[in-house]
*Asks:* 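Next up is a structure, given as structure tokens.
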Amino acid sequence: IYILLKLAILISGRGSNMNAILRAVKKQNIPIEPVVVISNKPSAKGLGIARKYGVKTEIVESKGFQGNRWEYDQKIMDVLTKYGITSKNCLICLAGFMRILSPEFIKKYKNCILNIHPAILPAFPGLDAQKQAINYGVKYSGCTVHFVDDGVDTGPIIVQALVRVKNDDTEEALTKRILAKEHKAYPEAVRLVAQKKIKVVGRNVKFLS
Ligand code: GRF
């Protein structure tokens, strides 16, 4: 049977990838139901954008939170549950969500969590990927959309897009060109998952016809 997935997007700031996903879901009729956008920061710009799409927003503030990582993640789970999002029907997109998830959370939503990273993984995981690429001197960088496993930026890869690194490129300029690619790559990955066009085999993502 066909299950229409429920989409939750986790953000911390600007939300331009969230915007690209919500726009594509609407304009390209991607078969998924955007249910809630959750931010760990009340000031995240993306919250206002989500509301413009008529998507519910929730804040699970991380600043000053006393508990451990898993205790924080359980608060996220409570929000997901409140919106009827379960490990069987969910897609959780991390879109500039600046927190590492606990292994317990990742296990619960195995193969249901996507992340976007501004480099061609496995090169330059972690923070400041664009700066790492410039400093290293690579001629191409880009972005990667992948499933989240319990490493940092290590999960099965769904979509990658390349960007040429120019002579005398700056971190700012490269970041901007990569971001434009991110805004296409992330909705594409969401579409592939929503339309059940992919299967995860070990750390490989296979495309189904
Ligand atoms: C993007 O560069 C993304 O690759 C990284 O964080 C940034 C988020 O930007 N993970 P935005 O909030 O989607 O505009």
Side-chain angles (χ1 to χ4, degrees), residues 7-27 30 32 34 36-53 55 57-63 76 91-101 105-106 113-136 138 140-165 169-193:
L7 174 65
I9 306 177
L10 273 54
I11 64 169
S12 297
R14 182 175 58 181
S16 70
N17 278 289
M18 175 211 73
N19 183 44
I21 293 166
L22 293 176
R23 190 203 300 130
V25 167
K26 200 167 151 184
K27 294 248 161 94
I30 298 175
I32 196 162
V36 64
V37 168
I38 305 172
S39 173
N40 66 315
K41 292 189 182 171
S43 61
K45 287 254 162 59
L47 290 168
I49 304 172
R51 288 185 207 113
K52 282 191 192 151
Y53 284 93
V55 177
T57 60
E58 295 278 346
I59 294 153
V60 181
E61 195 159 6
S62 55
K63 194 176 164 198
I76 300 271
L91 180 64
I92 300 167
C93 289
L94 309 182
F97 183 64
M98 298 304 286
R99 282 183 61 86
I100 293 180
L101 294 165
F105 184 94
I106 291 164
I113 311 172
L114 303 190
N115 181 42
I116 187 154
H117 182 72
I120 298 295
L121 293 170
F124 316 127
L127 291 175
D128 299 324
Q130 302 93 335
K131 193 173 171 184
Q132 292 185 55
I134 287 181
N135 290 346
Y136 195 94
V138 289
Y140 287 91
S141 192
C143 64
T144 303
V145 185
H146 63 92
F147 285 104
V148 173
D149 67 7
D150 48 23
V152 175
D153 302 322
T154 52
I157 291 168
I158 307 169
V159 176
Q160 295 187 300
L162 284 177
V163 169
R164 183 90 163 87
V165 182
D169 228 339
T170 62
E171 183 188 350
E172 195 188 13
L174 180 63
T175 297
K176 200 171 166 193
R177 299 202 311 286
I178 291 175
L179 191 64
K181 296 280 184 175
E182 292 181 38
H183 295 162
K184 293 198 162 63
Y186 216 161
E188 174 63 10
V190 170
R191 187 184 65 76
L192 289 166
V193 174

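We count ligands from 1, going down the list as the structure has it; atoms in each ligand are counted the same way.
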*Asks:* Against S141, only a single residue in V165, I134, V163 fulfils side-chain contact (heavy atoms from CB on, under 4.5 Å); can you say which?
*Replies:*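 When side-chain contact (heavy atoms from CB on, under 4.5 Å) is applied between S141 and each of V165, I134, V163, only V165 qualifies.
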*Asks:* In a simple table, one pair per line, please give the protein and ligand 1 atom names for every N or O pair closer than 3.5 Å, along with the distance.
*Replies:*
{"from": "ligand 1", "atom 1": "2 (O)", "to": "E182", "atom 2": "OE1", "distance (Å)": "3.3"}
{"from": "ligand 1", "atom 1": "2 (O)", "to": "E182", "atom 2": "OE2", "distance (Å)": "3.2"}
{"from": "ligand 1", "atom 1": "4 (O)", "to": "E182", "atom 2": "OE1", "distance (Å)": "2.7"}
{"from": "ligand 1", "atom 1": "4 (O)", "to": "E182", "atom 2": "OE2", "distance (Å)": "3.3"}
{"from": "ligand 1", "atom 1": "9 (O)", "to": "R14", "atom 2": "NH2", "distance (Å)": "3.0"}
{"from": "ligand 1", "atom 1": "10 (N)", "to": "I116", "atom 2": "O", "distance (Å)": "3.2"}
{"from": "ligand 1", "atom 1": "12 (O)", "to": "G15", "atom 2": "N", "distance (Å)": "2.8"}
{"from": "ligand 1", "atom 1": "13 (O)", "to": "S16", "atom 2": "N", "distance (Å)": "3.3"}
{"from": "ligand 1", "atom 1": "13 (O)", "to": "N17", "atom 2": "N", "distance (Å)": "2.9"}
{"from": "ligand 1", "atom 1": "13 (O)", "to": "N17", "atom 2": "ND2", "distance (Å)": "2.9"}
{"from": "ligand 1", "atom 1": "14 (O)", "to": "R14", "atom 2": "NE", "distance (Å)": "2.5"}
{"from": "ligand 1", "atom 1": "14 (O)", "to": "R14", "atom 2": "NH2", "distance (Å)": "3.1"}
{"from": "ligand 1", "atom 1": "14 (O)", "to": "S16", "atom 2": "N", "distance (Å)": "2.8"}
{"from": "ligand 1", "atom 1": "14 (O)", "to": "S16", "atom 2": "OG", "distance (Å)": "2.5"}

*Asks:* With salt bridge (Lys or Arg N to Asp or Glu O under 4.0 Å) as the rule and sequence neighbours excluded, what pairs involving residues 173-193 come up?
*Replies:*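 Output for this query lists D169-R177, E188-R191.
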*Asks:* P118 versus L179: any side-chain heavy-atom pair under 4.5 Å?
*Replies:*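 Of all side-chain heavy-atom pairs linking L179 with P118, none is under 4.5 Å.
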*Asks:* Which residue is it: I49, L47, V25, V37? I am looking for the one with a side-chain contact (heavy atoms from CB on, under 4.5 Å) to V55.
*Replies:*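 Answer to the side-chain contact (heavy atoms from CB on, under 4.5 Å) test with V55 among I49, L47, V25, V37: V37.
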*Asks:* Measure the shortest side-chain to side-chain distance between S39 and T57 over non-hydrogen atoms and say whether it is less than 4.5 angstrom.
*Replies:*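 SC-SC contact between S39 and T57 ruled out.
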*Asks:* Could you tell me whether the side chain of L162 reaches within less than 4.5 Å of the side chain of Y140, counting heavy atoms only?
*Replies:*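 Yes, close enough: below the 4.5 Å cut-off.
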